[in-house]
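Below: one structure, written as structure tokens.
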Amino acid sequence: MTRTHPRPSRRTLLGGAAASALAVAAGAGPARAGGHRPAWPTEFPLPDGWLPEGIAIGGAPYAYLGSRADGAIYRTDLRTGRGEVLHEGAPGLAAIGLKRGDDGLLYVSGGGGGTARVVDARTGELRRTHRLTATTGHFVNDVVLFRDRAWFTDSRDAVLYGVPRGRGGSVRALPLTGDWEQLPGVNNANGVVSTPDGRDVIVVKSTPGELYRVNLRTGRATRIALSGAQDVANGDGLVRVGRTLYVVQNRSNVVTVFDLDADSTKATLRRSITDPRFDVPATAARFADRLYLVNARFTSPQTPETTFTAVAVPL
């Protein structure tokens with residue numbers, strides 16, 4: 001039976017409203033006379049017990065947030081912070097990483113279920129489900145849209161999966177080779193983005209905290225040298241803006257910002273972003289001059305009453 005998610009609790013809604021009001025008072029300032037719009041909220045609530053991890057934002061100001069509990073997807077209007085369940089979940093499903101394409105579709109990682117789902121971002125209709133792996137020994141974690149495929153990472157196996165974005169074609173399994181060494185019993189490949197030159201992808205290896213450039217033709221992984229940082233331990237979601245790479249380090253409660261060199265083989269630490277509202281941020285997505293992060297709260301009780309939020313920080 002499909003579980004119906006509760007609407008955000010009154011306490012959560014009031015908390016989000018208070019945070020928005022505080023942000024306006026402290027930073028952006030109130031709306032001015034003459035038709036200026038009020039500042040968009042810098043924090044908004046999710047339904048209690050949602051168990052979020054992934055966040056995606058397209059060209060319009062809407063955020064899509066998946067549920068680890070049952071694979072449902074919540075859509076929030078970034079202008080108001082108000083949201084609703086777009087896609088109902090079901091027992092046994094999970095929505096981990098997700099990306100919204102220009103084709104109006106959401107590409108959703110299925111976690112331990114071993115699937116990739118394609119959901120209509122406007123209607124919430126399930127379009128397709130792809131079986132990528134067996135249901136044991138794998139964890140389909142994050143996704144990047146790269147040309148005619150959506151590429152998914154598997155945190156428990158040294159493989160990337162390429163799902164065709166059209167109706168034709170078949171799923172491609174690409175083993176990782178080169179510098180890549182798969183570690184047993186821990187999360188390996190996690191967040192993934194394209195390189196600035198548009199030729200390859202960058203994958204973060206959560207344990208021990210490394211970045212790799214991966215050739216999608218051969219699967220060869222080349223470790224990216226870090227300068228100014230020893231590692232990116234707990235590396236989770238990745239966001240790239242030009243040659244600037246944002247690495248969300250979840251349990252470290254920090255986003256580290258790196259400058260990539262021309263061939264993406266060296267990353268130099270520029271700065272770190274911290275915020276008292278971070279509570280194990282898992283992934284991030286960019287809209288305009290902000291970075292929106294979802295608080296997965298992995299270190300807190302994961303119950304139907306647990307509250308969750310997403311927060312925004314300046315780029």
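In what follows, every heavy atom counts, from backbone to side chain, and hydrogens, waters and symmetry copies are set aside.
Between Pro304 and Asp48 there is no side-chain heavy-atom pair separated by less than 4.5 Å. Side-chain contact between Thr256 and Phe258 is present, with heavy atoms from C-beta onward closer than 4.5 Å. Contact annotation: the side chain of Phe308 never approaches that of Pro45 to less than 4.5 Å [non-hydrogen atoms, C-beta and beyond]. Contact of the Pro281 side chain with the Asn253 side chain is registered, since non-hydrogen atoms from C-beta on lie closer than 4.5 Å. In this structure, the side chains of Val255 and Arg271 stay at 4.5 Å or more apart for every pair of heavy atoms. Here the side chains of Asp236 and Glu53 are in contact, with some heavy-atom distance below 4.5 Å. Annotation: side chain of Phe278 is not in contact with side chain of Val254 (no heavy-atom distance under 4.5 Å).
Using modelled atom types and a 3.5 Å distance limit, the side chains of Thr265 and Arg213 yield no donor-acceptor pair. If you check the side chains of Thr299 and Arg251, you find no donor sitting under 3.5 Å from an acceptor. In summary, the side chains of Ser155 and Asn190 do not present any donor paired with an acceptor at a separation below 3.5 Å, with no hydrogens or angles considered. When only modelled atom types and interatomic distance are considered, Asn141 and Ser109 share no side-chain donor-acceptor pair under 3.5 Å. Thr309 and Asn295 share a side-chain donor-acceptor pair at under 3.5 Å. Side-chain contact of Ser252 with Asn234: a donor-acceptor pair under 3.5 Å is present, judged by distance alone. Under the 3.5 Å distance criterion, with hydrogens and angles disregarded, a donor-acceptor pair is assigned to the side chains of Arg68 and Gln302.
Closest approach of Ile273 to Pro314, counting heavy atoms only: CD1-O, 4.3 Å. Of all the heavy atoms in Val203 and Ala189, the pair that sits closest is CG1-CB, 3.8 Å.
Under a 3.5 Å cut-off, the side chain of Arg156 and the backbone N or O of Asn188 do not form any donor-acceptor pair. Judged by distance alone, with hydrogens and angles left aside, the side-chain atoms of Thr283 form a donor-acceptor pair with the main-chain N or O of Ile55 at under 3.5 Å.
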Item checked: Step-by-step salt bridge (Lys or Arg N to Asp or Glu O under 4.0 Å) determination, Asp148 to Arg165 -> CA-CA 6 Å; Asp148 61 347; Arg165 296 179 63 184; over 6 Å; no
Item checked: Test log, rule side-chain contact (heavy atoms from CB on, under 4.5 Å), inputs Thr306 and Arg297 -> CA-CA 9 Å; Thr306 303; Arg297 306 195 69 190; 3.8 Å; yes
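Rounding to the nearest 0.5 Å places NE2 of His130 at 10.5 Å from OG of Ser170. To the nearest 0.5 Å, the span separating CG on Asp157 from OG1 on Thr133 amounts to 8.5 Å. Remark: Leu216 CG to Ser194 OG distance equals 10.0 Å, nearest 0.5 Å. Going from atom OH of Tyr212 over to atom CD1 of Ile202 covers 13.5 Å, rounded to the nearest 0.5 Å. Atoms CZ and CG, on Phe146 and Asp200 in that order, are 6.5 Å from each other to the nearest 0.5 Å.
The pair Asp120-Arg127 meets the salt-bridge criterion, since a charged nitrogen lies less than 4.0 angstrom from a carboxylate oxygen. Using a 4.0 Å cut-off between charged side-chain N and carboxylate O, Asp77 and Arg82 make no salt bridge. Residues Arg243 and Asp259 are not paired through a salt bridge, judged by the lack of any N-O separation under 4.0 Å between the basic side chain and the carboxylate. Under the 4.0 Å criterion applied to side-chain N and carboxylate O atoms, Asp179 and Lys205 are not assigned as salt-bridge partners.
There is no path of hydrophobic side-chain contacts, each under 4.5 Å, that joins Val201 to Leu145. If you chain together hydrophobic residues whose side chains sit under 4.5 Å apart, Val159 and Tyr107 fall into the same group. Cluster membership for Val280 and Leu293, using ILVMFWY side-chain heavy atoms within less than 4.5 angstrom, is not shared. Hydrophobic clustering, with ILVMFWY side chains joined whenever heavy atoms are under 4.5 angstrom apart, groups Val247 together with Ile224. Leu315 is not connected to Phe287 by any chain of hydrophobic side-chain contacts under 4.5 Å among Ile, Leu, Val, Met, Phe, Trp and Tyr, and they are in different clusters.
Residues Trp151 and Tyr161 place their aromatic rings such that the two centres sit no closer than 6.0 Å.
In summary, of the residues considered (Arg79, Arg100, Arg75), a side-chain hydrogen bond (donor to acceptor under 3.5 Å, both in side chains) with Tyr62 occurs for Arg79 alone.
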